[in-house]
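These notes are about the structure you will find just below.
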Amino acid sequence: MRLSTVPVLVGLAGPAFASGVVVHQAGSLDSCPGYVASNVQDDGTKLTADLSLAGAACNAYGKDLTNLKLEVEYQTEDRLHVKIYDPEEQVYQIPESVFPRPSSDDVGAEESALAFEWTENPFSFKVVRKSTNETLFDTSAASLVFEDQYLRVRTSLPDSPHLYGLGEHTDPFQLNTTNYTRTLWNRDAYGVPGGTNLYGHHPIYFDHRGSSGTHGVFLLSSNGMDIKIDNTDGQFLEYNAIGGILDFYFIAGPSPKGVAVQYSDIVGKPAMQPYWGFGFHQCRYGYRDVYAVAEVVANYSQAGIPLEIMWTDIDYMELRRVFTLDPERFPLELVRELVTYLHEHQQHYVVMVDPATWWGDYEAYNEGIDRDIWSKLPNGSIYVGAVWPGPTVFPDWFHPSTQGYWNDQFLSFFDPDTGVDIDALWIDMNEPANFCSYPCADPDSFADESGNPPQPPPVRNNSGRPIPGFPANFQPPATTQRLLKRQSNDTSGAIGLPGRDLINPEYEIQNSAGSISNLTMPADVLNYDGTHQYDTHNLYGSMMSIASRQALLARKPERRPLVITRSTFAGAGAHVGKWLGDNLSTWHHYRNSISGILQFASIFQVPMVGADVCGFGGNTTETLCSRWAWLGAFYPFYRNHNGFDSIAQEFYLWPTVTEAAKNAIETRYRLLDYIYTHLHRQTKTGLPLLNPLFFQYPSDENTFPIDLQFFFGDSLLVSPVTEENSTDVSIYLPKDTFYDFFTHEKVEGTGAFVNLTDVAFTTIPLHIRAGSIIPLRAESANTTTELRKKDFVLVIAVNATNQASGSLYLDEGDALEQPATSEIEFCYDNGELRISGTFGYQTEGVIRNVTLSRILCSVFGRSFQPGIVGNEVSSTDIRCN
Ligand SMILES: *[C@@H]1O[C@H](CO)[C@@H](O)[C@H](O)[C@H]1NC(C)=O
Ligand SMILES: *[C@@H]1O[C@H](CO)[C@@H](O)[C@H](O)[C@H]1NC(C)=O
Ligand SMILES: *[C@@H]1O[C@H](CO)[C@@H](O)[C@H](O)[C@H]1NC(C)=O
Ligand SMILES: *[C@@H]1O[C@H](CO)[C@@H](O)[C@H](O)[C@H]1NC(C)=O
Ligand SMILES: *[C@@H]1O[C@H](CO)[C@@H](O)[C@H](O)[C@H]1NC(C)=O
Ligand SMILES: *[C@@H]1O[C@H](CO)[C@@H](O)[C@H](O)[C@H]1NC(C)=O
Ligand SMILES: *[C@@H]1O[C@H](CO)[C@@H](O)[C@H](O)[C@H]1NC(C)=O
Ligand SMILES: *[C@@H]1O[C@H](CO)[C@@H](O)[C@H](O)[C@H]1NC(C)=O
Ligand SMILES: *[C@@H]1O[C@H](CO)[C@@H](O)[C@H](O)[C@H]1NC(C)=O
Ligand SMILES: *[C@@H]1O[C@H](CO)[C@@H](O)[C@H](O)[C@H]1NC(C)=O
């Protein structure tokens, strides 16, 4: 989030600025000698070798390392680990505490789907898929460069490869392969511009080769890098990293979903989310006071649009300081009343917490001083940047006391009995963002003369404006005194390590924020464990995510934490969900949000993902917001969120949006158990909740570039209208049978684009893939609590052989450890429905100790009413056995 109305910040939100890319002398890189392999040891499960520089050092962007080690492990039948590192192990490696490595089954080379082939002089290696003899990765395309501040590995690729991943980005889901650079260096990226580095760091790509298979390549590195994909000298993909080691995981697939599953084995299975987290969320930056928030809650209720979770941005803070409440705008008593109101109505509350903490005399800062957890410069002084509250300090997540500090802040500020009893958490600005350009000589300039940040708008006169449903005492208290005293710098602490130029590495990655230290914490900031931001910058958001999840667990150990973060590193999905940051209210951003959700859910294993519905920056329109209310209903994380200086965009503000949102939420809620079942499956297996079309039809080349349609789960094809104000859309239907979700009309796909016309703004084209059984709630409800009481209907969409299958996962919805679950499989075959699985979770009023068929009838509610699609079978033909 960024405030563009405040004068000092205007420059930051402006148009793209020069990226400061330096043109390098090609000669120096061309003269890099590469390495020679020797002492190759191969015991069949593990291969090791020594690598030594093959000639005079080129020192292209630093110093070449003379000796390296190669380690190759056949970790599983589908996973090959190739690690090239310095024998002394001084070069930065991500600690296990931040990224636990997958365990190895040490399968033999014989059993592996992949073969590792190498050439000794000059050293290069190939990864080959044994079943086809296809070369998947081949480093002979350019000599290996391993310097203290620059590493290069180039692999040659077939012409026009189909590559996906390497995020976070807002480019097409299928990556451009001509003159294309993906820079990875997390940054605060207002307006999420295409072709630039954004908030997250996910160095994994899927290479899809149609019917011959899909594989994945993951470079486990947190260092800044440019990944160049071009075809100037044959098609290639080239890593240019400014540090770290070469720690590659090759995964064999061979199906796209197989690669997804195998990647989840490396980075960890995603965290399960509470059932209510899939309800509809409303947020904006600029709810000026608690009354405004309460009015929105009341307005949703009056409009009859189900609101599950209400959010508050930094507006609630006093002078934008974390762990404070504005005493005039958000007095504690009224915030507590708001939360009580929400809880009494089966609704939930979420607020934002940033890492940047005001550098001044107040409890959150002082407590951090006492525990010495603020990030420091190499000279031991606390680093001071500037974020929302003006001058700020930043937690060092590597410090052993930081977790305790964070827990204690949460336990006290979010105390259910005396504080703000949040149900979930939003963490932002954790790249970390810094408004103060490097070297940030004057963080105080981000505050006014009295040390305060730019003021939010004055509190409104609320007298005589009762809010429907809220108590009459919902009135503002008197003004209170503000805190101003400033603490001086702490001067204790460690001294930095000598060696590299952390501030001006010779190889400059194409960071859109300029130098790697700009608008974030400087690269020479020394973490508690002796590492520097230079190497760990891209871990900051994920480490905050992990610490925040732990802090929520410290508050309520029995409940599943729902945390939504902006910045992520590979593996973040095991801890948190993610929103796609500060998009704009444009049709372009509406469209490319699909690429974003597919990247995170299908490739990066962060399935709880969504973009800001109706757009964050700029002004939305009635037609855009109507379409987006529908598209957002198929984001796993469904939140309307808006910027400070944009027109209001709550769904009830326009008649068409109101109708669209009601329809969209009704459809989503009826499908909620289908969503929940697919998320649960991903948390157990890694099989994605969302699927790009080629995941379902890997041999159909037409599907490879499609990123304006997607599968929600395995069975629902979502095909939104994508052009401004249009009611037409051209959608691709693979060679398969589909049924219109709403009319059950049968549509035969022919592997061609089909034009749909007259698609009203209050609906979306949605198709069920033949062969699916979809459990639906018989009707929607005002909240997910009510929804859980509704009966089920099974929609059986038969295929050519008059068969269909599906599944349903049921549990209590919110507890971390579920005492009882049901995992049910449906199988329909020519008139007979078979329902099997486990039935441990008992829905309301369940009858115990009954026969299987009676359990089924109770699981599916008081009336069991299968709806048959595509074949006129009456419900009397359905037998439960
Ligand atoms: C792969 O190459 C090996 C060795 O040349 C050969 O024996 C095998 O038949 C080939 N497999 C395929 C699928 O072409
Ligand atoms: C890929 O990039 C090239 C060069 O920048 C550009 O000409 C081409 O239009 C891009 N292709 C796509 C599909 O965007
Ligand atoms: C490659 O892209 C860069 C940046 O987008 C551009 O400046 C350059 O001209 C392009 N080169 C070619 C050969 O198209
Ligand atoms: C939803 O309906 C239930 C049952 O009538 C009621 O208790 C609850 O307050 C309602 N919540 C909202 C947000 O309308
Ligand atoms: C705090 O330390 C920084 C970095 O050494 C220095 O630039 C700044 O002047 C110090 N501020 C105060 C108030 O001493
Ligand atoms: C930092 O970003 C600001 C704002 O975009 C820009 O003006 C400045 O040149 C950048 N500085 C560096 C060192 O990259
Ligand atoms: C949004 O609308 C408001 C109110 O009409 C206007 O003041 C503002 O300039 C608009 N913003 C943009 C980016 O068009
Ligand atoms: C879309 O409709 C809005 C509202 O009627 C109108 O202002 C806008 O110009 C239209 N856009 C296009 C591209 O026709
Ligand atoms: C669909 O519409 C597009 C654009 O209006 C047109 O070019 C195309 O021929 C149409 N396709 C079919 C199958 O009617
Ligand atoms: C029909 O669906 C069933 C169950 O999903 C599946 O096993 C079968 O292979 C499908 N048949 C065809 C022809 O797709």
Side-chain angles (χ1 to χ4, degrees), residues 2-4 6-22 109-110 112-117 126-136 183 185-191 193 196-197 209 211-213 224 242 252 254 385-387 431-443 445-446 501-505 507-524 533-534 537 585-588 590-591 614-615 618-628 647 649 653-657 660 721-728 759-761:
R2 171 167 291 155
L3 178 64
S4 55
V6 173
V8 288
L9 303 180
V10 159
L12 304 182
F17 35 79
S19 67
V21 175
V22 173
E110 299 280 284
S112 173
L114 301 174
F116 178 84
E117 297 176 0
K126 275 185 193 177
V127 177
V128 174
R129 183 188 296 287
K130 287 201 270 187
S131 64
T132 58
N133 283 345
E134 194 171 8
T135 300
L136 307 182
T183 298
W185 186 254
N186 295 349
R187 75 175 179 109
D188 179 4
Y190 180 80
T196 73
N197 50 311
R209 301 194 179 173
S211 38
S212 73
I242 59 171
V387 191
E431 293 72 26
N434 182 356
F435 296 156
C436 194
S437 292
Y438 186 79
C440 193
D442 190 10
S445 65
F446 288 80
D501 184 345
L502 303 178
I503 296 300
N504 295 302
Y507 182 86
E508 269 190 70
I509 57 170
Q510 295 179 26
N511 176 20
S512 279
S515 85
I516 55 169
S517 295
N518 205 28
L519 305 177
T520 185
M521 270 209 288
D524 62 348
Q533 282 294 304
Y534 181 90
H537 167 84
S585 297
T586 65
W587 288 86
H588 173 67
Y590 160 85
R591 282 187 291 269
C614 301
N619 293 330
T620 198
T621 66
E622 184 169 7
T623 53
L624 177 60
C625 201
S626 301
R627 292 283 185 225
W628 218 327
I647 58 167
Q649 64 183 33
L653 290 168
W654 301 267
T656 314
V657 182
V721 175
T722 54
E723 294 300 324
E724 177 165 6
N725 296 357
S726 174
T727 54
D728 298 350
V759 182
F761 288 99

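Position 1 is the first residue of the sequence, and the numbers go up from there. Whatever order the structure lists them in is the order used to number ligands and atoms, beginning at 1.
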Return yes when at least one protein heavy atom is under 4.0 Å from [atom], and no when none is.
| atom | result |
| --- | --- |
| atom 2 (O) of ligand 8 | yes |
| atom 14 (O) of ligand 8 | yes |
| atom 5 (O) of ligand 1 | no |

Closest to atom 8 (C) of ligand 8 among protein heavy atoms sits N725 ND2, 3.6 Å

From Q649 atom CD to C614 atom SG, the distance as rounded to the nearest 0.5 Å: 5.0 Å

Please identify which atoms of ligand 6 are closer than 4.0 Å to at least one heavy atom of [X].
| X | value |
| --- | --- |
| S437 | 1 (C), 2 (O), 3 (C) |
| A513 | 1 (C), 2 (O), 14 (O) |
| G514 | 14 (O) |
| N518 | 1 (C), 2 (O), 3 (C), 8 (C), 10 (C), 11 (N), 12 (C), 14 (O) |

For R627 and S726, indicate whether the former's side chain and the latter's backbone hold a donor-acceptor pair under 3.5 Å. yes

On a heavy-atom basis, which atom in A660 and which in S626 lie closest, and how many Å separate them? CB-O, 3.8 Å

T621 and L624 have their tightest heavy-atom pair at OG1-N, 3.1 Å

Atom 10 (C) of ligand 1: of V128, N133, T132, the nearest heavy atom sits on N133

Given N511, which partner from the list T520, N518, T196, N197 fulfils the side-chain hydrogen bond (donor to acceptor under 3.5 Å, both in side chains) test? N197

Ligand 8 and E724, any nitrogen or oxygen pair closer than 3.5 angstrom? yes

Classify the ring geometry between H537 and W185 as parallel (under 30°), tilted (30 to 60°) or perpendicular (over 60°). parallel

Please examine the side chains of P254 and R209, heavy atoms only from C-beta on, and report whether any two atoms are closer than 4.5 Å. no

Are F446 and N434 side-chain neighbours, meaning at least one heavy-atom pair lies under 4.5 Å? no

Does any N or O atom in S515 lie less than 3.5 angstrom from one in ligand 6, N or O only? yes

